[in-house]
Each structure stands twice: as C-alpha cells, then as structure tokens.
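Here the structure is laid out as structure tokens; the discussion comes afterwards.
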Number of protein chains: 2
Amino acid sequence: MANKTELDSFLNFLQKIQLLSPEALEAIYSLCGLISIRKNQNLQEIGQRCRTIYFVKAGLARIFYLKDDNEVTEYFAFENDLIIRAESLFTGKPSMKAIQALENTVFIGIPAESLFSLFDTFPEIERLFRKIIEQAYVATVNRMEAIQFHPAEERYAQLMDEKPDLIRRISLKHIASYLGITQVSLSRIRAAIR
Amino acid sequence: MANKTELDSFLNFLQKIQLLSPEALEAIYSLCGLISIRKNQNLQEIGQRCRTIYFVKAGLARIFYLKDDNEVTEYFAFENDLIIRAESLFTGKPSMKAIQALENTVFIGIPAESLFSLFDTFPEIERLFRKIIEQAYVATVNRMEAIQFHPAEERYAQLMDEKPDLIRRISLKHIASYLGITQVSLSRIRAAIR
DNA sequence: CTGATTTTTTAACATTTGTAAAAGGATAGG
DNA sequence: CCTATCCTTTTACAAATGTTAAAAAATCAG
C-alpha cells in the first residue's frame with residue numbers, strides 16, 4: 001500500500017470535485033495502490049474485464065483499441081488525470097480497450113468493487129463518483145460534437161491550443177488517431193498551417 | 001401535479017434502473033409534472049438554462065442546436081426515454097440546445113434542483129441518478145466511436161436496424177443531421193441500398 | 001381538389017480525407 | 001559510429017462527402 005504523501009495529488013484531485021470527511025478520505029486512502037509501468041508497456045490488456053480505477057500520478061498514458069488492425073487512441077491521461085475504461089467498468093463486459101503507458105508512468109489504482117462498496121457507508125463517495133461521471137459525460141458530448149462538425153484542421157488547432165503538451169510528448173500517429181484522421185491527413189494539416 | 005397512474009411508465013422506468021423504497025418513490029412522484037407540447041413546438045428554447053429533467057410519456061422529441069444556421073439533431077427521445085440537456089444541467093451554463101416536440105408530445109418534468117436536494121435524504125435516488133448518467137456516458141462513448149470510424153452508410157444501416165421507427169416518424173433531414181451528414185448525402189446512401 | 005409549401009431526390013462539381021508506396025528523419029542498440 | 005527500426009512527410013490517385021441548384025415527390029391548408 002502507498003503512504004499518504006504519495007497519494008496527496010490524488011486525494012487533492014478528489015477533494016476539488018467533492019469535499020470529503022476525514023473518514024471517507026481514510027477509506028479511499030486505504031484502498032489505493034501504486035503501480036509503475038514502463039514506457040510502451042500496457043497497464044491493462046484488451047479483453048480483460050476492467051475492475052480498477054486509475055489515476056496518473058506521474059507520466060502519461062492512453063486508452064486505445066484496435067480497429068481493423070490499427071490502433072485508435074480514445075483518450076490521453078496526463079499527470080493528475082483519471083483513466084477509466086468505463087464501457088467495461090459500468091457494464092461488466094470485457095473491455096475491448098487497453099491502457100498503455102506512453103512514458104514511464106506511476107498510476108494510483110483503486111479496485112472498483114471495493115470502492116463501490118464504500119458507497120453504502122459513505123454517500124459522499126457515491127456523490128463524488130457521480131460528479132466525476134457527469135464531468136466525463138459532458139466532455140464526451142462536447143468531443144462528439146467536435147468530431148461531427150468541425151473539420152480535422154480545426155480540431156487539431158483546438159487541441160494544440162488546449163494541450164500544447166501533446167505535441168511535445170505524444171507521437172503524431174497517436175494524435176492523428178485521437179483526432180479521428182489518418183497520419184497522412186494530419187501531416188497535410190501540419191504542412192498547411194506552416 | 002399529475003396523478004399516480006399517469007406517472008406509472010416513468011416510475012417503472014426508474015425502478016428498472018434502481019429499486020426504490022416507497023418513500024423515495026413518493027418523494028419523486030410529488031415533484032413530477034405533466035407538460036403537453038404540440039408538434040414542432042419547443043419545450044425548451046436555445047439560451048435558457050436547463051433546470052428540468054424530462055421524460056417522454058407519449059410522443060416524440062429531439063434535442064437540437066444550431067451550427068452555422070443549420071439545425072443539428074443531437075438526440076431523439078421516443079416514448080419512455082429520458083431527455084436531458086446535460087451540458088447545461090451539470091454545468092449551470094445556458095444551454096445552446098433546444099428541446100422540440102416532433103409529434104404532439106406529453107412530457108413528465110422534474111425540477112432538477114428539487115430532485116437533487118432529495119439526494120441528501122435518499123442516497124438511493126442519487127444512486128439511481130448516477131446509474132442513469134453512467135448509461136448515458138457509455139452510450140455516448142459508443143456513438144462517438146461510430147461517428148469516428150464507421151462510414152455514414154453503415155451508421156444509417158445500423159440506426160435503421162436498431163430503431164426502424166425512426167424512418168417512419170422522423171423526417172430524413174433530422175436523421176441526416178443526427179448521423180452527422182448532409183441530407184443530400186443521406187439521399188445518396190438511400191438510393192445506393194435500394 | 002388545388003395551389004402553396006415542405007421534403008426528398010438527383011445532378012454536377014468542389015473539397016476533404018483515405019490509401020498505398022516511397023523517401024526522408026529521428027532514434028536506439030550494438 | 002553504424003545499422004535497423006520506427007516515425008513523419010510527401011506524392012499520386014481513389015473514394016467519400018459537401019455544396020449548390022433544380023427537379024420531383026409528398027404534404028398541408030384553404
């Protein structure tokens with residue numbers, strides 16, 4: 001198990017979403033574990049049922065899946081981001097998605113079942129979790145809108161504007177698949193705005 | 001306020017997601033109201049802050065927004081579907097989206113603030129709501145995947161397969177915008193598979 | 001029923017994005 | 001330092017979808 005200072009960033013992250021009593025914090029704390037994964041290794045493989053909620057303490061990771069033998073990046077998680085394979089966690093089905101470290105990465109992991117069982121004792125933890133999902137839901141609806149109605153060039157410009165880190169730390173092929181375009185197409189876009 | 005039989009379908013819908021105590025059901029029941037909207041009229045206008053959660057008791061409705069003066073349909077709600085402008089409800093910002101009745105429609109409405117304030121007394125209602133959002137979130141992630149990586153023709157075929165009702169009850173221009181393509185493009189697709 | 005309005009289809013052309021293959025750069029391990 | 005590998009760009013061409021306009025079909029109101 002991790003010691004308390006190692007979990008500071010995570011517990012702070014949670015407190016900003018929903019203030020928690022010392023008891024609830026302690027209960028969450030006691031479930032947390034640290035997992036280190038080397039660059040390019042997978043934290044979770046495709047086909048596994050997702051039973052853990054992760055938080056990136058340091059490093060960088062992504063969720064990806066295979067579409068016709070091509071890797072498609074669904075999500076990037078930087079330091080202090082949650083990373084959850086929700087389609088599996090909420091449905092109980094095996095996940096068709098993998099979690100991969102794009103740099104040497106330290107994750108904080110919480111077993112989902114243990115966390116969920118805290119909901120009965122600590123409604124405030126269920127509330128925290130509800131708010132997390134609400135935020136993720138709104139973000140996803142907005143991203144869907146972008147993919148549907150903004151040309152790839154705009155989406156690239158916006159992404160670079162919001163997260164200039166991406167281009168420094170993530171290979172362009174991953175960024176392309178995240179944007180829903182091919183690498184060739186992204187190259188063209190980059191050439192056009194140069 | 002509505003009488004109990006009028007709310008049966010709604011309360012049944014909720015019970016299937018999360019079993020509720022009689023007290024919790026009664027608390028929800030007492031907040032519900034019925035609203036009838038004629039075909040092509042808006043239940044909620046663009047620019048209003050969303051403060052109500054709706055359920056379609058009878059009829060058919062959609063959420064849409066304007067993109068360069070064109071109406072884009074984000075969501076269709078048939079009988080026994082929830083219809084919520086989440087981006088506004090969860091953020092408190094004015095909604096850029098309208099709710100419109102596509103047929104004469106009877107909605108059940110619950111003031112969101114009143115419902116949310118039940119969360120403190122009835123954790124089971126917060127749980128219900130958490131599960132509703134989880135389902136919506138997973139559905140949205142899947143839809144995003146479809147839009148990103150399945151050609152329009154496949155998406156149309158799948159939609160017709162899952163909800164054959166759509167084509168009978170909804171105009172093709174609305175379906176086209178829901179699929180993220182132009183009406184002309186949808187016409188071509190329909191001509192191709194004929 | 002009839003004319004007006006709306007919806008859907010068709011056509012021609014432009015633009016965007018994809019595919020495949022090759023070349024150029026960068027990087028890591030020996 | 002050198003080679004092998006991976007990443008990125010470029011090129012040429014194909015396919016999908018958008019744009020505009022007009023015709024055809026369906027729907028609606030009087």
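It should be emphasised that the depicted structure is a prediction, and the values quoted were computed from it without experimental measurement.
Residue contacts shown for A/Q183 include a base, since a base heavy atom lies under 4.0 Å away.
Whole-Å rounding puts the A/K173 NZ to C/dG25 C1' distance at 15 Å. Counting to the nearest Å, the C1' atom of C/dG18 and the CG atom of A/D68 are 13 Å from each other. In this structure, the CG atom of A/N40 is 11 Å from the P atom of C/dG29, given to the nearest Å. For the pair B/I175 CD1 and C/dT7 P, the interatomic distance rounds to 13 Å; values are reported in whole Å. In this structure, OH of A/Y156 is placed 13 Å from C1' of D/dT9, rounded to the nearest angstrom. When rounded to the nearest whole Å, the span between CG of A/L172 and P of C/dA26 equals 13 Å. In this structure, B/R194 atom CZ and D/dA25 atom P are separated by 11 Å, rounded to whole Å. Distance B/I189 CD1 to D/dA16 P: 10 Å, rounded to the nearest Å.
Residue A/R190 places at least one side-chain N or O closer than 4.0 Å to OP1 or OP2 of D/dT9. Using a 4.0 Å cut-off, no side-chain N or O of A/S171 falls inside it from OP1 or OP2 of D/dC7. At the phosphate of C/dG18, OP1 or OP2 sits under 4.0 Å from a side-chain N or O atom of A/S185.
Taking the six-membered ring wherever Trp is involved, the centroid distance between the rings of B/F64 and B/Y75 does not fall below 6.0 Å. Taking the ring centroids of A/F107 and A/F55, they lie at or beyond the 6.0 Å cut-off.
Comparing atom distances between the B/I181 side chain and each of D/dT10, C/dT8, D/dG18 picks out D/dG18 as nearest. Comparing C/dT10, D/dA12, D/dT17 by their nearest atom to the side chain of A/R188 picks out D/dA12. Of the candidate nucleotides C/dA20, D/dT8, C/dA11, C/dA11 has the atom lying nearest to any side-chain atom of B/V184.
Looking at B/R62 and B/Q100, their side chains do bring a donor and an acceptor atom within 3.5 Å of each other. In this structure, a donor-acceptor pair under 3.5 Å is present between the side chains of A/Q158 and A/E162.
With hydrogens and angles disregarded, no donor-acceptor distance shorter than 3.5 Å links the side chain of B/S185 to the backbone of B/T182.
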